[in-house]
Enquirer: 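Dropping the structure in here first, questions after.
Quick note on labels: first sequence line is chain A, next is B, and so on, each numbered from 1.
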Amino acid sequence: MILSDIYIHAENLCFSYREGNGKEENPALRDFSVEICEGEYVAVLGHNGSGKSTFAKLLNLILTPTSGHLTVGGVEVTREDLSDEEILNLRKNVGMVFQNPDNQLVATVVEQDVAFGPENLGLERAELRRRVDDALERVGMTQYAKHEPHRLSGGQKQRVAIAGVIAMMPKCIIFDESTAMLDPSGRREVLDTIRMLNRDYGMTVLNITHYMNEAAEADRVLVINDGRLLMDGTPDEIFARREELQAVGLEVPQCTELVHRLRGLGIALKGDGISTPDACADLILHAYEKLSK
Amino acid sequence: MKGISFGQYYPADSVIHRLDPRFKVILTILYIVCTFLCKSLVGFAALTLSALVLIFISRIPLRIVLRSVRPLLMIIGFTFIINIFWSRGEQLITPEGWPIRIYAEGIWNAVYMFLRIFALITGTGIFLTYTTTPMDLTDAIESLLTPLKKLHVPVHVFAMMMSITLRFIPTLTEETEKIMNAQKARGANFTSGSLMQRAKALIPILIPLFVSAINRAVELSNAMECRCYHGGDGRTRLNVLRCNGRDWASLAIVVLFGAGILLLNGVGIGYTLG
């Protein structure tokens with residue numbers, strides 16, 4: 001791994017929320033260190049309250065770490081003397097899409113909402129127009145440009161929110177449980193958009209989720225438990241550690257579970273590809289062919 | 001509830017719809033002034049005619065405009081009656097000795113008042129609410145109030161608040177409905193009982209609604225910060241308001257109309273207000 005390829009570098013990040021009386025609660029994130037490279041598709045897993053959302057909010061300084069160092073795009077953003085301009089630049093580069101699509105749309109017309117971020121950057125009008133049209137096209141919402149957001153479906157609203165972020169041309173987008181409130185078809189729409197942004201446009205993607213099937217689509221999976229980084233690896237590597245995942249309240253995808261149980265019955269399934277249904281089907285097919293010979 | 005529309009905006013393609021919203025705000029104010037300048041019979045005839053012409057060129061169906069007059073009928077009727085019975089004048093219509101005295105001036109006053117209110121409602125409706133989207137209206141108000149920035153009035157903040165309010169009206173309406181249904185499903189009753197009981201029944205709706213609205217506000221402000229929002233300084237706009245000859249022409253027409261009304265006040269046909 002070449003150092004210049006690293007986009008996000010976190011070192012011993014700690015964060016605690018403050019209670020109403022000013023005292024610090026139990027730390028939400030402890031000694032968290034991780035490196036994320038440019039163009040990576042990373043899924044962050046963890047059950048509720050594990051600190052995964054806190055981690056995401058630290059990356060663009062919506063929350064300020066209590067201690068530790070964070071470098072994004074070569075700029076240390078945990079410096080004391082960080083200027084407002086550097087903060088804006090950080091937020092321009094690290095976009096974020098939240099869980100509830102309703103609570104992140106600002107304007108009453110789709111295209112004006114997409115324009116909100118670029119408007120804040122103070123871009124020329126022609127450039128605004130170009131970026132809005134481009135962003136809407138990328139998420140396939142061009143025909144809805146003049147619509148009112150509240151008349152769209154959940155998946156469509158979330159795609160508008162994504163367009164609003166990509167119109168700022170970020171290097172990295174964080175999806176903070178962006179599919180949690182959507183129905184299956186809406187979730188598919190959003191996941192396809194995420195994958196497209198990563199594969200076709202080379203954006204670094206962090207997808208924070210508690211759906212295992214979503215994590216299986218990523219290049220790399222981070223598992224967070226109790227504010228600590230518990231596991232870090234490819235989906236296949238992570239899902240192979242089924243017992244450890246279950247111990248922290250996470251279930252492996254159904255297809256992985258199937259492979260595990262078949263192995264438990266003494267059926268020899270050779271191979272590591274256990275995180276996606278297709279790979280599992282291949283494994284089982286191979287085993288079946290061997291058995292039938 | 002999905003079909004809820006903002007304000008009373010009536011989409012149509014007319015000259016008035018296409019005017020610069022800033023001019024429409026000014027035109028509305030001028031038109032209101034005109035209705036109050038009006039004093040003579042000929043003047044009121046011109047005013048009523050102008051209101052009808054406005055409805056015609058805005059391509060908004062007459063029944064839609066009349067619908068907005070309906071809620072005000074009570075007030076109009078009330079002022080009408082007060083004017084008829086309480087105005088004093090010289091020409092007594094009712095025979096001498098009747099307990100009720102109605103003067104001709106009273107009837108003129110009542111009719112003029114009715115015409116004035118009608119023109120007032122039509123004018124503001126046609127120039128603003130029916131032909132301007134709330135978003136445009138917000139932009140126009142922000143733009144018109146810009147000079148106040150020099151006096152440190154947070155104009156941008158007000159405009160942002162207005163547009164966010166507009167954005168969240170349908171969301172919160174939907175939410176209210178959801179909460180009401182949830183409470184109904186658990187046996188809540190909002191439609192019967194004394195006024196006091198009904199007011200009390202609203203508490204279990206208002207509390208969750210407020211809690212959720214506050215949570216939404218927190219999330220929205222996070223989302224806005226993530227999208228680099230840092231107040232109005234250095235912010236550009238996708239939609240820039242532009243005025244052209246048509247806007248100036250409409251302004252000239254309304255100003256001339258006002259001058260015309262003043263001139264017509266001098267024509268001594270019928271009753272002239274004092």
Enquirer: Is atom CZ of Phe158(B) surrounded by more than 12 heavy atoms (other residues, nucleotides or ligands) closer than 6.0 Å?
Expert: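 12 or below, so no.
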Enquirer: Would you please go through residues 226-236 of chain B and name the residues with a non-hydrogen atom below 4.5 Å from one of chain A, in numerical order?
Expert: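 From residues 226-236 of chain B, the residues near chain A are Cys226(B), Arg227(B), Cys228(B), Tyr229(B), His230(B), Gly234(B), Arg235(B), Thr236(B).
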Enquirer: Mind checking the CD-CG spacing from Glu225(B) to Asn120(A)? Nearest 0.5 Å is all I need.
Expert: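 It is 11.0 Å, given to the nearest 0.5 Å.
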Enquirer: Just give me the residue among Val106(A), Asn103(A), Val97(A) that pairs up with chain B most often, heavy atom to heavy atom, under 4.5 Å.
Expert: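 The candidate making the most pairs under 4.5 Å is Asn103(A).
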Enquirer: Around Lys200(B), counting heavy atoms of other residues, nucleotides and ligands shown, do more than 12 lie under 6.0 Å from its NZ?
Expert: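 Atom NZ in Lys200(B) is not crowded, with 12 or fewer foreign heavy atoms closer than 6.0 Å.
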Enquirer: Heavy-atom distances under 4.5 Å only: say whether Ile62(A) touches chain B with side chain, backbone, both or neither.
Expert: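 The side chain, not the backbone.
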Enquirer: Are the side chains of Arg237(B) and Arg125(A) in touch, meaning some heavy atoms are under 4.5 Å apart?
Expert: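 Contact flag for Arg237(B)/Arg125(A) side chains = no.
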Enquirer: Do you know which of Glu124(A), Arg129(A), Lys92(A), Lys57(A) has the most heavy-atom pairs under 4.5 Å to chain B?
Expert: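 The answer is Arg129(A).
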Enquirer: Could I get the full list of ring-ring contact (aromatic ring centres under 6.0 Å, His included) partners for Tyr10(B), not counting sequence neighbours?
Expert: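 ring-ring contact (aromatic ring centres under 6.0 Å, His included) check on Tyr10(B) returns nothing, list empty.
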Enquirer: How many angstroms lie between CG in Leu238(B) and CG in Asp113(A), if you round to the nearest 0.5 Å?
Expert: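 Leu238(B) CG to Asp113(A) CG: 11.5 Å, rounded to 0.5 Å.
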Enquirer: If you count the non-hydrogen atoms of other residues, nucleotides and ligands that lie under 6.0 Å from CD in Glu76(A), is the total more than 12?
Expert: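 Atom CD in Glu76(A) is crowded, with more than 12 foreign heavy atoms closer than 6.0 Å.
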Enquirer: Would the number of heavy atoms belonging to other residues, nucleotides or ligands and lying under 6.0 Å from CZ of Arg216(B) be above 12?
Expert: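 It does: Arg216(B) CZ has more than 12 such atoms within range.
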Enquirer: Would you say His47(A) has more than 12 foreign heavy atoms packed within less than 6.0 Å of its NE2?
Expert: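 Yes, the 6.0 Å shell around NE2 holds more than 12 heavy atoms from other groups.
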Enquirer: Of the listed residues (Leu90(A), Asn60(A), Leu123(A)), which shares the most heavy-atom pairs with chain B below a 4.5 Å separation?
Expert: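 Of the options given, most contacts go to Leu123(A).
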Enquirer: Looking at OG1 of Thr171(B) and CG of Asp102(A), how far apart are the two atoms once the value is rounded to the nearest 0.5 Å?
Expert: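 So the gap between those two atoms works out to 4.5 Å.
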Enquirer: May I ask you to test the Asn222(B)-Gln104(A) pair for a side-chain heavy-atom distance under 4.5 Å?
Expert: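 Side-chain contact under 4.5 Å: no.
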Enquirer: Relative to chain B, which segment of Phe98(A) carries a heavy atom at a distance below 4.5 Å: side chain, backbone, both, or neither?
Expert: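 Looking at Phe98(A), just its side chain touches chain B.
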Enquirer: Kindly indicate whether the side chain of Phe168(B), heavy atoms from C-beta on, has any atom under 4.5 Å from the side chain of Leu105(A).
Expert: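 In short, these two side chains do not touch, never coming nearer than 4.5 Å.
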Enquirer: Rounded to the nearest 0.5 Å, what separation is found between the CD atom of Glu119(A) and the CG atom of Asn239(B)?
Expert: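 Taking CD in Glu119(A) and CG in Asn239(B), the distance rounds to 8.0 Å.
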Enquirer: Check this for me: Leu195(B), atom CG, are more than 12 non-hydrogen atoms of other residues, nucleotides or ligands nearer than 6.0 Å?
Expert: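 Incorrect, the count does not exceed 12.
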